[in-house]
Chemist: 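One structure follows; several queries about it will come next.
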Amino acid sequence: QVQLVESGVGLVQPGGPLRLSCAVSGIRLSTHGMGWYRQAPGKQRELVAAITSGGSTNYADSVKGRFTISRDNAKNTVDLQMNSLKPEDTAVYYCNAWPMTFGSWGQGTQVTVSS
């Protein structure tokens with residue numbers, strides 16, 4: 001059974017950086033595309049960044065040029081480097097497979113961007 005554990009919870013000032021990490025177990029990560037998703041209060045969960053098994057990346061327009069997704073198949077981790085953070089980036093961030101998610105989600109990690 002796949003397990004997803006997100007880390008990197010933080011309160012950061014606008015314009016600051018934050019790095020999130022997702023530890024994946026129970027699957028062979030190298031064969032899966034992976035994504036970072038977020039859900040802000042009162043809004044639907046949305047995809048912000050994705051990386052294929054081959055390493056190609058895709059980003060939501062709202063984060064393009066500011067966020068970078070990466071993967072380490074040897075360590076079974078998927079990271080999200082977030083720069084130039086904005087208050088509208090405040091949300092709970094989750095990792096999961098992409099384009100088809102696994103049946104379960106991790107607990108996510110809270111990111112709050114505020115001065």
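Numbers for residues simply follow the sequence, beginning at 1. Note that the structure is predicted; figures quoted are calculated from it, not measured.
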Chemist: When rounded to the nearest 0.5 angstrom, what is the spacing between CE in Met34 and CG in Leu80?
Modeler: 12.0 Å

Chemist: Is Asn83 reaching over with its side chain to a backbone N or O of Gly65, donor-acceptor style, under 3.5 angstrom?
Modeler: no

Chemist: Donor-acceptor pair, distance only, cut-off 3.5 Å: does the side chain of Tyr94 make one with the backbone of Leu4?
Modeler: no

Chemist: So, does Glu6 use its side chain to make a donor-acceptor pair with the main chain of Cys95 at under 3.5 Å?
Modeler: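 Side chain of Glu6 to backbone of Cys95: a pair is present.
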
Chemist: Check whether any side-chain heavy atom of Thr112 lies under 4.5 Å from a side-chain heavy atom of Val12, and answer yes or no.
Modeler: no

Chemist: Apply salt bridge (Lys or Arg N to Asp or Glu O under 4.0 Å) to Asp79 and list each qualifying residue two or more places apart in sequence or on a separate chain.
Modeler: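 Listed in chain order: Arg19.
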
Chemist: Is there a side-chain contact between Pro17 and Leu85, using heavy atoms and a 4.5 Å cut-off?
Modeler: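 The answer is no; the side chains never approach within 4.5 Å.
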
Chemist: Do any pairs count as a ring pair (Phe, Tyr, Trp, His ring centres under 6.0 Å) and have a residue in residues 12-36, sequence neighbours left out, and if so which ones?
Modeler: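 Matches after skipping sequence neighbours: His32-Phe102.
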
Chemist: For side chain to side chain contact (heavy atoms under 4.5 Å, CB included), just list the numbers for Trp98 and Ile51, CA-CA rounded to whole Å, side-chain angles, deciding distance to a tenth of an Å, and then say yes or no.
Modeler: CA-CA 8 Å; Trp98 175 84; Ile51 185 166; over 6 Å; no

Chemist: With sequence neighbours left out, write down each residue that passes side-chain hydrogen bond (donor to acceptor under 3.5 Å, both in side chains) with Lys64, or none if nothing qualifies.
Modeler: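 Residues passing side-chain hydrogen bond (donor to acceptor under 3.5 Å, both in side chains) with Lys64: Asp61.
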
Chemist: Tell me the closest heavy-atom pair linking Arg66 and Ser84, and the distance in Å.
Modeler: NH1-O, 2.9 Å

Chemist: Can you name the side-chain contact (heavy atoms from CB on, under 4.5 Å) partners of Val111, sequence neighbours left out?
Modeler: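 For Val111 the side-chain contact (heavy atoms from CB on, under 4.5 Å) partners, ignoring immediate neighbours, are Leu18, Leu20, Met82, Tyr93, Val113.
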
Chemist: Any sub-3.5 Å donor-acceptor pair from Arg38's side-chain atoms to Ala91's backbone N or O?
Modeler: no

Chemist: Please check this pair: side chain of Arg71 against backbone of Asn76, looking for a donor-acceptor N/O pair closer than 3.5 Å.
Modeler: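 Side chain of Arg71 to backbone of Asn76: no pair is present.
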
Chemist: Go through Ile69 and Val78 one step at a time and tell me if the side chain to side chain contact (heavy atoms under 4.5 Å, CB included) criterion holds.
Modeler: CA-CA 7 Å; Ile69 188 172; Val78 182; 4.0 Å; yes

Chemist: Do the side chains of Thr90 and Gln110 get nearer than 4.5 Å, heavy atoms only?
Modeler: yes

Chemist: Less than 4.5 Å apart, side chain to side chain, heavy atoms only: is that true for Tyr37 and Asn96?
Modeler: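 Yes; the side chains approach each other to less than 4.5 Å.
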
Chemist: Just to verify, what does Arg45 make a salt bridge (Lys or Arg N to Asp or Glu O under 4.0 Å) with, not counting sequence neighbours?
Modeler: none

Chemist: Can you find a pair of side-chain heavy atoms, one from Lys86 and one from Pro14, that are under 4.5 Å apart?
Modeler: no

Chemist: Tell me every residue that passes salt bridge (Lys or Arg N to Asp or Glu O under 4.0 Å) with Lys75, counting only those two or more places apart in sequence or in another chain.
Modeler: none

Chemist: Over all heavy atoms of both residues, which pair between Asp72 and Leu29 is shortest? Give the atoms and the distance, please.
Modeler: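 Taking Asp72 first and Leu29 second, the nearest heavy atoms are O-CD2, 4.2 Å.
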
Chemist: Do Trp105 and Val92 sit in one hydrophobic cluster, given that two such residues count as connected whenever their side-chain heavy atoms are within less than 4.5 Å of each other, even indirectly?
Modeler: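 In one cluster with Trp105: Val92, yes.
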
Chemist: Determine whether more than 12 heavy atoms belonging to other residues, nucleotides or ligands lie under 6.0 Å from atom CD of Gln107.
Modeler: no

Chemist: Just wondering, more than 12 heavy atoms not from Glu46 lying within 6.0 Å of its CD?
Modeler: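 Buried by this count: over 12 neighbours within 6.0 Å.
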
Chemist: To the closest 0.5 Å, what do you measure between CG (Leu47) and OH (Tyr59)?
Modeler: 11.0 Å

Chemist: Can you see which heavy atom on Ser21 is nearest to which on Thr77, and at what distance?
Modeler: OG-CB, 4.3 Å

Chemist: Counting C-beta onward and ignoring hydrogens, is there a side-chain heavy-atom pair between Ser25 and Val2 closer than 4.5 Å?
Modeler: no

